[in-house]
Amino acid sequence: MVKKRLFHFVLYAAVLVLFCEYGIYYVVIFQCSWPEVPSSIGEHNLSRRHLLKTMFIADTHLLGPVHGHWFDKLRREWQMYRSFKTAIELFNPEVVFFLGDIFDEGQLVSAPSFNDYTSRFHSLFSVPISTRVYVVVGNHDIGFHYRITPLLVNRFENAFNASAVRRIRLKDINFILINSMAMEGDDCFLCKAAVKKIHQISGDLECERYPRNPGCTAKVKTKSYSGPIILQHFPMYRESDEFCTGDDSAPDKETSFRVKLDCLSESSSQYLMKSLQPKLVISGHTHHGCLYHHQVPLQDENVVSFSIIPEYSVPSFSWRNRDNPSFLLGYFTKDDYNLAKCKLPRESSVILLYFFGAMIIFLKTVGFVPRRSRRDILPNLKLLGIGIIILSCTAYLYIRK
């Protein structure tokens, strides 16, 4: 009788752990789906091969050796690994964009630790051969502008092919990846190179849009124009998250942003909008979701008008930064796009599952045992059950600090 009860206790506990650490990711992520196919597919008689399936992830903040605790590191990396693997398995995107701050201590670690960081990233976020991965640099990867050195920039760029400004063309769709710290607006080595590259890309886009303009090369003329999508870590300039929409927006929306720390400066934002004329901006950094519409003045001498450019800020993918992480899925064509947000399991829900699951298992295996047998089994089961409950509560209190 005692052995049978112990067997049931261990079995139920194993099922609880298996669900909370594996099955729940399938249950939650399976409820997400790709957005509707853009209308341009039907309007322009395009086939599915012109459709680009994308995934956007921000602020993974892999912990390092300086501030990271081993349990926190183990827990967070397992959560992100399991979520990412499940999402890749269910959705099979063609391209995955990481929007910066992939590391938490990238600007602090030594060369050997950075190499270990890089290996861990590729191990946790490995993808099939058919899926491409692109990484945008964040402030935790190389530091804020005032802390950046050529060494920090070069090692990150070499590891992830993440230059200050990079144009990627996939299925005739233009993505422009920008290092937000290079948009400081001064003459630093990083900023000068970034401005030069943006000027070049701006000229190429202008020739693709108006191929008859004098000075356009034949190579540029042959490419069809597609309004670019800017991908960067910092959001464009906004005073706060007050006008953000979304159920995962910041709880303190009225807190003012610190320019060049929480968002790009107004002048840098206007420069990017004017030079590149994007149809969409996707960013991270704030750890909260946001849909914000920028009003950009159009160049017209006779009529005062504005172009509305939407910006999506993607919430953090790490439970260390929020209780309900998420990521974006997107369908893109040359002329159109649709986005959908996919939510991951709430950490508070997982902790509650552990707590109440442990209580139910304890009561089921101990509470209804005959009195004589109870004297034999109680010492073992009580210790085991109380241990699970204490461990769950301790873990919850620790990781919510």
**Asked** After noting the C-alpha distance and the side-chain angles of Phe98 and Phe160, does the key distance pass the ring pair (Phe, Tyr, Trp, His ring centres under 6.0 Å) rule?
**Response** CA-CA 11 Å; Phe98 288 85; Phe160 297 99; 8.9 Å; no

**Prompt:** Does the side chain of Pro310 reach to within under 4.5 Å of the side chain of Leu291, using non-hydrogen atoms?
**Reply:** yes

**Asked** Under 3.5 Å, side chain of Asp141 to main-chain N/O of Phe103, donor-acceptor pair present?
**Response** yes

**Item:** Test item: His199 and Ser275 side chains (from C-beta on) under 4.5 Å apart, heavy atoms
**Value:** no

**Request:** Answer yes or no: is there a donor N or O on one side and an acceptor on the other, between the side chain of Thr118 and the main chain of Phe114, under 3.5 Å?
**Result:** yes

**From CA spacing to verdict: side chain to side chain donor-acceptor pair (under 3.5 Å), His67, Asp104** = CA-CA 9 Å; His67 302 302; Asp104 194 61; over 6 Å; no

**Asked** Within the side chain of Arg322, is there an N or O that forms a donor-acceptor pair under 3.5 Å with the backbone of His287?
**Response** yes

**Complete:** Residues at least two apart in sequence or cross-chain that pass side-chain contact (heavy atoms from CB on, under 4.5 Å) with Ala250, listed by chain then number, are Asp241, Asp252, His288

**Prompt:** Got Leu177 and Val165 here, is their nearest side-chain heavy-atom distance under 4.5 Å?
**Reply:** no

**Prompt:** Distance only, no hydrogens: is a donor on one side chain within 3.5 Å (strictly under) of an acceptor on the other, for Asp59 and His140?
**Reply:** no

**Request:** Please confirm whether Phe332 and Phe175 have ring centers closer than 6.0 angstrom.
**Result:** yes

**Request:** Check whether NZ of the Lys or CZ of the Arg Arg238 lies under 6.0 Å from the centre of the six-membered ring of Tyr292 and within 45 degrees of that ring's axis.
**Result:** yes

**Message:** Hydrogens and angles aside, do Gln79 and Glu21 bring a side-chain donor and acceptor to less than 3.5 Å of each other?
**Reply:** no

**Request:** Measure across Met181 and Ile148 and return the closest heavy-atom pair with its distance rounded to 0.1 Å.
**Result:** CB-CD1, 3.5 Å

**Asked** Crowded around Lys196 NZ? As in, over 12 foreign heavy atoms under 6.0 Å?
**Response** no

**Request:** Quick one: which residue pairs count as a salt bridge (Lys or Arg N to Asp or Glu O under 4.0 Å) with a foot in residues 114-125, not counting sequence neighbours?
**Result:** Glu77-Arg120, Asp116-Arg120

Would you tabulate the side-chain donor-acceptor contacts of residues 122-137 under 3.5 Å, counting partners in other chains and residues two or more places apart, or write 'none'?
| from | atom 1 | to | atom 2 | distance (Å) |
| --- | --- | --- | --- | --- |
| Ser126 | OG | Lys85 | NZ | 2.4 |
| Thr131 | OG1 | Pro93 | O | 2.9 |

**Message:** Is a donor from one side chain sitting under 3.5 angstrom from an acceptor on the other, for Ser348 and Asp323?
**Reply:** yes

**Prompt:** Taking the side chain as C-beta and beyond, is there a heavy-atom pair between Lys53 and Val95 under 4.5 Å?
**Reply:** no

**Asked** Taking atom CD1 of Ile282 and atom CG of Leu280, what is their separation to the nearest 0.5 Å?
**Response** 4.5 Å

**Message:** For Phe56 and Phe327: C-alpha separation, side-chain torsions, deciding distance, then whether side-chain contact (heavy atoms from CB on, under 4.5 Å) applies.
**Reply:** CA-CA 6 Å; Phe56 299 93; Phe327 60 93; over 6 Å; no

**Asked** Below 4.0 angstrom, N of the basic side chain to O of the carboxylate: do Arg166 and Glu157 qualify?
**Response** no

**Complete:** Closest non-hydrogen atoms of Lys343 and Val28, given as atom of the first, atom of the second and distance, are O-CG1, 3.4 Å

**Message:** One pair to check against salt bridge (charged side-chain N to carboxylate O under 4.0 Å, His left out): Lys279 and Asp335. What are the steps and the verdict?
**Reply:** CA-CA 9 Å; Lys279 62 184 175 185; Asp335 303 304; 5.9 Å; no

**Prompt:** Would you say Thr60's side chain and Ile102's backbone share a donor-acceptor pair under 3.5 angstrom?
**Reply:** yes

**Message:** Testing the basics here: between Tyr331 and Pro38, what is the closest heavy-atom pair and its distance to 0.1 Å?
**Reply:** CB-CD, 3.6 Å

**Asked** More than 12 foreign heavy atoms under 6.0 Å from CD of Glu242: is that the case here?
**Response** yes

**Message:** Can you confirm if the aromatic rings of His285 and Phe234 lie within a centre distance of less than 6.0 Å?
**Reply:** yes

**Message:** Please give me the minimum heavy-atom distance between Gly143 and Gln107, naming the atom from each residue.
**Reply:** N-CB, 3.5 Å

**Message:** When you compare the side chains of Asn321 and Ser316, does any donor N or O come within less than 3.5 Å of an acceptor on the partner?
**Reply:** yes

**Side chain Trp34, main chain Leu339, donor-acceptor under 3.5 Å** = no

**Message:** Is it the case that the ring center of Tyr117 lies less than 6.0 angstrom away from the ring center of Phe121?
**Reply:** no

**side-chain contact (heavy atoms from CB on, under 4.5 Å) between Val96 and Thr54, worked out** = CA-CA 6 Å; Val96 180; Thr54 61; over 6 Å; no

**Prompt:** Glu311 and His294: side-chain donor and acceptor closer than 3.5 Å?
**Reply:** yes

**Message:** Under 3.5 Å, is there a donor on one side chain and an acceptor on the other for Thr86 and Ser83?
**Reply:** no

**Complete:** Closest non-hydrogen atoms of Ser33 and Ala340, given as atom of the first, atom of the second and distance, are O-CB, 3.8 Å

**Asked** Donor-acceptor pair, Ser313 side chain versus Ser283 backbone, under 3.5 Å?
**Response** no

**Derivation and outcome, side chain to side chain donor-acceptor pair (under 3.5 Å), residues Asp186 and His145** = CA-CA 10 Å; Asp186 60 13; His145 180 269; 3.2 Å; yes

**Item:** Non-hydrogen atoms of Met236 and Cys263 that approach each other most closely
**Value:** O-CB, 3.7 Å

**Item:** Glu94/Lys171 ion pair, N-O < 4.0 Å
**Value:** yes

**Asked** If we ignore angles and hydrogens, is there a donor and acceptor under 3.5 Å between the side chains of Arg167 and Gln200?
**Response** no

